[in-house]
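Written below as structure tokens is the structure these notes are about.
We count ligands from 1, going down the list as the structure has it; atoms in each ligand are counted the same way. The figures here come from the full heavy-atom set of this structure, side chains too, leaving out hydrogens, waters and symmetry mates. Predicted model only: the values in this text are computed from it and were never measured.
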Amino acid sequence: AAPSSIHAFEDGHALAASLAVRIAEDLRAAIEARGEASIAVSGGSTPKRLFERLSHETLDWSRVTVTLVDERWVPDTDERSNARMVEALLLRHNAADAEFVPLYVEAATPEAGIGEVRARVAAMRLPLDVVVLGMGPDGHTASFFPGGDRLAEALDIANTAQVVPMRAPGAGEPRITFTLPVLLQARSLYLHIEGPDKRVVLEQAEQAGSPLPIASVLRRAQHLEIYWCP
Ligand SMILES: O=C(O)[C@H](O)[C@@H](O)[C@H](O)[C@H](O)COP(=O)(O)O
């Protein structure tokens with residue numbers, strides 16, 4: 001795969017401003033080409049400033065479908081919910097018109113809810129136009145956690161399942177996540193990471209044969225744009 005390109009910024013504000021403009025361009029181009037656009041965003045703390053910036057971008061958000069790269073198996077009334085953060089920070093201002101496809105459904109476990117989630121995702125038009133990944137200090141991305149019970153399945157490039165449940169020591173609550181093949185098919189693929197520690201983890205993952213889950217993305221992505229700031 002082509003080496004990924006890294007864009008370094010002085011701080012999180014400059015990064016969020018630049019990435020929001022870039023993503024908005026991708027979404028406008030998709031609407032121009034296909035009449036609609038789709039984006040999957042990550043959770044965690046890093047994307048907050050990006051969401052605030054993106055929510056102010058002017059484009060026809062009524063033609064945009066927003067979903068999540070992965071989700072913690074909690075309802076959006078729970079503060080751990082990625083849907084809750086997206087609803088609070090991204091789906092407002094201009095972006096309030098976008099359609100949101102959450103990955104959580106009313107079921108006790110992701111294993112019990114997977115059928116309904118797969119039906120919901122199957123109704124989306126794939127491939128996704130934009131995917132924004134994050135990365136944890138352990139080298140996880142999406143819910144591809146080291147030691148995850150279905151990690152091999154999620155990273156299997158031949159897997160036809162679009163989403164899988166995931167339980168992992170470092171994940172806290174059970175998760176649901178898009179699989180690697182779906183994420184790699186995105187027309188635009190970004191990795192948004194901040195801080196010197198994550199830069200070190202990235203360099204470790206770039207080493208040949210690295211077992212870190214993010215390394216699977218670095219090794220297989222055709223076009224990955226990495227956005228980083230200290
Ligand atoms: O649900 C999640 O937690 C994410 O989708 C996950 O993959 C996230 O990107 C990393 O955990 C980084 O999280 P931070 O931005 O908080 O470091």
Side-chain angles (χ1 to χ4, degrees), residues 4 9 11-13 15-16 19-20 23 39-54 66-90 100-105 110 113 117 121 128 130-151 154-155 162-180 182-184 186 189-202 204-205 212-218 221 224-230:
S4 49
F9 294 84
D11 62 32
H13 295 286
L15 186 160
L19 186 50
I23 291 170
I39 176 169
V41 295
S42 288
S45 55
T46 304
K48 292 184 175 161
R49 257 194 300 255
L50 171 66
F51 291 169
E52 281 156 357
R53 284 280 179 153
L54 202 44
V66 175
T67 189
L68 289 159
V69 163
D70 69 327
E71 178 63 287
R72 298 94 181 262
W73 201 255
V74 292
D76 68 359
T77 50
D78 187 301
E79 62 181 26
R80 296 167 294 173
S81 161
N82 288 338
R84 179 186 170 92
M85 183 178 68
V86 166
E87 286 157 356
L89 297 177
L90 177 54
F100 181 49
V101 177
L103 291 185
Y104 173 82
V105 297
V117 179
V121 167
L128 296 156
V130 179
V131 164
V132 188
L133 297 173
M135 183 187 75
D138 58 358
H140 83 261
T141 187
S143 282
F144 309 151
F145 283 87
D149 63 343
R150 297 172 76 155
L151 183 62
L155 295 179
Q162 293 168 331
V163 284
V164 295
M166 186 73 69
R167 293 169 185 268
E173 54 289 323
R175 305 280 186 122
I176 190 152
T177 185
F178 274 103
T179 54
L180 182 62
V182 172
L183 299 174
L184 290 178
L189 182 60
Y190 300 101
L191 173 61
H192 174 190
I193 53 173
E194 299 190 5
D197 302 351
K198 289 190 179 180
R199 186 69 186 259
V200 172
V201 175
L202 186 68
Q204 288 165 353
L212 297 176
I214 188 67
S216 297
V217 175
L218 298 176
L224 175 67
E225 307 269 344
I226 302 172
Y227 279 65
W228 175 80
C229 69

- Side-chain touch L183/T141, heavy atoms, less than 4.5 angstrom: no

- Task: May I ask whether N82 places a heavy atom under 4.0 Å from ligand 1?
- Result: yes

- Item | N/O separation below 3.5 Å, S143 to ligand 1 | no

- Task: Give a yes or no on whether the backbone of M166 and the side-chain of R150 come within a donor-acceptor separation of less than 3.5 Å.
- Result: no

- Which residues satisfy the ring pair (Phe, Tyr, Trp, His ring centres under 6.0 Å) test with H140, sequence neighbours excluded? F145

- Task: Can you pull out the closest protein heavy atom to atom 3 (O) of ligand 1? Residue, atom name and distance to 0.1 Å, please.
- Result: R72 NH2, 2.7 Å

- Short N or O distance, P47 and ligand 1, threshold 3.5 Å exclusive: no

- Message: Is the contact between A142 and ligand 1 made by the side chain, the backbone, both, or neither, using heavy atoms and a 4.0 Å cut-off?
- Response: backbone

- Note on the structure: protein heavy-atom neighbour closest to atom 12 (C) of ligand 1 works out as M135 O, 3.5 Å

- Criterion salt bridge (charged side-chain N to carboxylate O under 4.0 Å, His left out) against E194, the qualifying member of R199, K48, R49: R49

- Query: Just by distance, do the side chain of T67 and the backbone of V101 share a donor-acceptor pair under 3.5 Å?
  - Reply: yes

- Item | Subset of ligand 1 atoms that lie under 4.0 Å from at least one heavy atom of S45 | 14 (P), 15 (O), 16 (O)

- Within the 4.0 Å heavy-atom cut-off, what E71 brings close to ligand 1 is neither

- Query: What protein heavy atom is closest to atom 9 (O) of ligand 1, reported as residue, atom name and distance in Å?
  - Reply: G134 CA, 3.4 Å

- Message: Main chain of V132, side chain of S42: is a donor-acceptor contact present, judged purely on distance under 3.5 Å?
- Response: yes

- Message: Checking a contact table here: which protein heavy atom is nearest atom 10 (C) of ligand 1, and how many Å away?
- Response: H140 NE2, 3.3 Å

- Message: With a 4.5 Å cut-off on side-chain heavy atoms, are L212 and L218 touching?
- Response: no

- Note on the structure: At under 4.0 Å between heavy atoms, what of K48 touches ligand 1? The answer is neither

- Per-atom contacts of ligand 1 with R175, taking only distances under 4.0 Å to non-hydrogen atoms: 1 (O), 2 (C), 3 (O)

- So which protein heavy atom does atom 13 (O) of ligand 1 come closest to, and at what separation? G44 CA, 3.8 Å

- Could you find the nearest protein heavy atom to atom 17 (O) of ligand 1 and give me its residue, atom name and distance? K198 NZ, 2.6 Å

- Message: Please verify the inter-ring angle class for Y227 with Y190; under 30° counts as parallel, over 60° as perpendicular, anything in between as tilted.
- Response: perpendicular

- Task: Heavy-atom distances under 4.0 Å are what count here, so tell me which part of D70 touches ligand 1: side chain, backbone, both or neither.
- Result: side chain

- Quick one: look up the protein heavy atom nearest atom 15 (O) of ligand 1 and list residue, atom name and how far away it is. T46 OG1, 2.6 Å

- Set of residues satisfying salt bridge (charged side-chain N to carboxylate O under 4.0 Å, His left out) with respect to R167, sequence neighbours excluded: E111

- K198 side chain vs M135 backbone, donor-acceptor pair below 3.5 Å: yes

- Side chain, backbone, both or neither: which part of L68 comes within less than 4.0 Å of ligand 1 when only heavy atoms are counted? neither

- Item | Residue and atom name of the nearest protein heavy atom (relative to atom 8 (C) of ligand 1), distance in Å to one decimal | G43 O, 3.9 Å

- Item | Side chain N82, main chain D70, donor-acceptor under 3.5 Å | yes

